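Numbers for residues simply follow the sequence, beginning at 1. Fair warning: this is a prediction, and the values are worked out from it, not measured in the lab.
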Amino acid sequence: MKFTFNSHKPSTTEMADWHNWSWQMRNSYANKSDLDLVISLTRDEINAFEEQKNIFKFRVTPYYLSLIDKNDIYDPIRKIAIPQKNEMLSSQGAHFDPLAERSHNPVPRIIHRYSDRVLFLVTDFCSVYCRYCTRKHFTGQDQVFPKEPEYEKAIEYIKNHSGISEVILSGGDPLTLSDPILEKVLKDLRSIEHVEIIRIGSRMPVVNPMRVTPDLVKILKAYGPIYFMNHFNHPRELTSEAKSAIDLLVDHGIVCFNQTVLLNGVNNHPAILQALSRRLVYLRVKPYYLFQCDPSLGTEHLRTPVAEGEQIIKQMWGHLSGLAMPTFSLDIPAGGGKTTLVPNFEISREPGLRDYKGWDGVTSQYIDPIDYRYQEPSDLNLYISDWEKLQNSKN
């Protein structure tokens, strides 16, 4: 029987368990029977468990489940965590692998789409399986940490491609790995001379913030520079526990960014996104990307039209500083990579002249230099060879 705090005042021991990240993992809810103990499911949710059980796994930590308002069937966190009947809706544009990652998969566990960086899928396991997941072709398939031959091939691939200056640990969620295993990965990557930057993409500060411990941040600091990519989607996810996790990271010199997915009925309003961004900046986390939801299978009800996202960003423009403003981005399906979607303030253009109307209605012209003649930078040759190597790094 799953542990809950609903029936009695928790003891000191129970509270210690609650704040232990391993306990949160062991006591996660992974099926409908578990969930029935703590929340009343709607008929649509019950049907969703039956119909989608072979499509995408369900899992949620007790901590993240506790953030749901159980009296609100439209609760935004509920929509993120609990299967919905609408996941079974068909969509003309839906894909099992919407970013065509498997076509950029030169060796197991490596996704090499951009010339200077790779994704290293160090696990397929997450402590919460978000219903909008873009990597359903890989996540939740019980592959966990790579077998030794796969792991060695991945490290060897990075070693053999000198144009790779950045490695992004992803999955699944890298922080579901134990400290010793995560340290091994970081140590192996730091032994590769041309790897300059390591990124870790994790939703653990959101769904299991107890995972960010003093021991963990000491490991991360030892193998820096490491950039930590958080994934907060809603202001209510920024709890005191999440704040403690972020404080530990930032106080140990780990630069924190945030990536948000625009989700219908969750955060698709400028008031919600500005509240999220302001609180993140206050916690020393840079809002980095606002992603258009990828057309992954089962996400039709969570996706918004692109035009709605553009309108939301335009409404936020001018009311949030650059520190708090995320970049609205869309991943082109079939592996086309990211494209940035910026509000269009241009009214008209002609050679050498452009007319603009700003967010507050101010109109003006930008005039190009009248007698422009290209001058090559005198020190260009110092950088050309690295640039050419980068262009050919995937060959």
Side-chain angles (χ1 to χ4, degrees), residues 21-22 25 57 59 96-97 99-127 129 133-204 208 211-213 215-229 231 254 335 337 386 389-395:
W21 76 273
S22 297
M25 299 283 282
K57 284 189 173 183
R59 187 180 184 88
F96 187 51
D97 178 15
L99 308 185
E101 291 184 329
R102 289 177 295 180
S103 65
H104 296 87
N105 184 208
V107 297
R109 302 300 186 111
I110 293 292
I111 309 296
H112 195 178
R113 183 189 297 145
Y114 302 101
S115 60
D116 69 329
R117 57 201 182 276
V118 295
L119 272 173
F120 188 0
L121 305 179
V122 291
T123 181
D124 79 320
F125 184 77
C126 290
S127 58
Y129 289 118
C133 181
T134 192
R135 199 168 286 142
K136 291 175 181 174
H137 66 91
F138 175 79
T139 303
Q141 304 296 320
D142 295 325
Q143 301 173 70
V144 199
F145 193 69
K147 293 181 174 63
E148 189 172 350
E150 278 191 347
Y151 179 80
E152 292 302 329
K153 278 185 181 179
I155 293 294
E156 200 62 29
Y157 181 86
I158 297 169
K159 281 182 181 177
N160 292 337
H161 289 76
S162 59
I164 297 172
S165 61
E166 184 173 343
V167 177
I168 304 161
L169 300 186
S170 188
D173 195 314
L175 291 198
T176 60
L177 300 174
S178 67
D179 285 359
I181 291 178
L182 189 58
E183 183 169 20
K184 170 183 169 51
V185 176
L186 295 174
K187 184 177 181 180
D188 289 344
L189 291 175
R190 275 285 164 245
S191 71
I192 303 172
E193 186 176 356
H194 53 264
V195 173
E196 299 170 353
I197 300 297
I198 297 173
R199 266 196 263 176
I200 297 177
S202 175
R203 196 153 153 75
M204 289 291 259
N208 191 357
R211 174 64 183 101
V212 183
T213 64
D215 286 342
L216 173 67
V217 293
K218 286 176 185 175
I219 291 170
L220 299 184
K221 183 175 182 179
Y223 294 96
I226 287 177
Y227 288 76
F228 197 95
M229 317 308 292
H231 184 14
I254 298 150
D386 281 346
K389 183 170 65 176
L390 186 64
Q391 308 306 300
N392 299 320
S393 63
K394 288 182 68 176
N395 299 331

List in chain and number order the residues that pass salt bridge (charged side-chain N to carboxylate O under 4.0 Å, His left out) with [X], two or more places apart in sequence or in another chain; answer none if no residue qualifies.
X      : result
Glu183 : none
Asp97  : Arg102
Arg203 : Glu237

Non-neighbouring partners of [X] that pass side-chain hydrogen bond (donor to acceptor under 3.5 Å, both in side chains), sequence neighbours left out:
X      : answer
His194 : none
Thr123 : none
Lys147 : none
Arg190 : none

Would you give the length of the straight line joining atom [atom1] of [X] to atom [atom2] of [Y], rounded to the nearest 0.5 angstrom?
X      : Y      : atom1 : atom2 : answer
Phe96  : Thr134 : CZ    : OG1   : 11.5 Å
Phe125 : Thr176 : CZ    : OG1   : 6.0 Å
Asn160 : Ile158 : CG    : CD1   : 10.5 Å
Ser202 : Leu182 : OG    : CG    : 9.5 Å
Ile192 : Ile164 : CD1   : CD1   : 8.5 Å
Leu186 : Leu220 : CG    : CG    : 6.5 Å

Inset, instruction - List the steps, then state whether side-chain contact (heavy atoms from CB on, under 4.5 Å) holds for Arg59 with Cys126. - result: CA-CA 8 Å; Arg59 187 180 184 88; Cys126 290; over 6 Å; no

Inset, instruction - Name all residues meeting the ring-ring contact (aromatic ring centres under 6.0 Å, His included) criterion together with Phe145; count only those two or more places apart in sequence or in a different chain, and write none if there are none. - result: Tyr151

Legend entry - Sequence neighbours excluded, every pair satisfying salt bridge (charged side-chain N to carboxylate O under 4.0 Å, His left out) that has a member inside residues 161-177: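 Salt bridge (charged side-chain N to carboxylate O under 4.0 Å, His left out) check on residues 161-177 returns Glu166-Arg199.
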
Could you check whether any side-chain heavy atom of [X] comes within less than 4.5 Å of a side-chain heavy atom of [Y], counting everything from C-beta outward?
X      : Y      : answer
Val122 : Ser170 : no
Val144 : Asp124 : yes
Leu175 : Phe228 : yes
Phe120 : Val185 : yes
Val118 : Arg113 : no
Met25  : Asn208 : yes

Identify, with sequence neighbours excluded, every residue that meets side chain to side chain contact (heavy atoms under 4.5 Å, CB included) alongside [X].
X      : answer
Glu150 : Pro108, Arg109, Pro146
Ser103 : Ala100
Lys187 : Tyr223

Contact summary for [X] and [Y], nearest pair of heavy atoms:
X      : Y      : answer
Gln141 : His137 : CG-O, 4.4 Å
Thr139 : Gly171 : OG1-O, 3.8 Å
Asn105 : Ile110 : ND2-O, 2.7 Å

Legend entry - Leu189 vs Leu169, side-chain contact (heavy atoms from CB on, under 4.5 Å): CA-CA, chis, key distance, verdict: CA-CA 10 Å; Leu189 291 175; Leu169 300 186; 3.8 Å; yes

Legend entry - Sidechain-backbone polar pair: His104 side chain, Pro106 backbone, donor-acceptor under 3.5 Å: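 Answer holds: no.
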
Legend entry - cation_pi(Arg135, Phe138) dist<6.0 Å, angle<=45: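 Judged by the rule, Arg135 and Phe138 form no cation-pi pair.
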
Inset, instruction - Verify side-chain contact (heavy atoms from CB on, under 4.5 Å) between Tyr227 and Ile200, making sure each step is shown before the conclusion. - result: CA-CA 6 Å; Tyr227 288 76; Ile200 297 177; over 6 Å; no

Inset, instruction - Answer yes or no: is there an ion pair linking Lys218 with Asp179, defined by an N-O contact shorter than 4.0 Å? - result: no

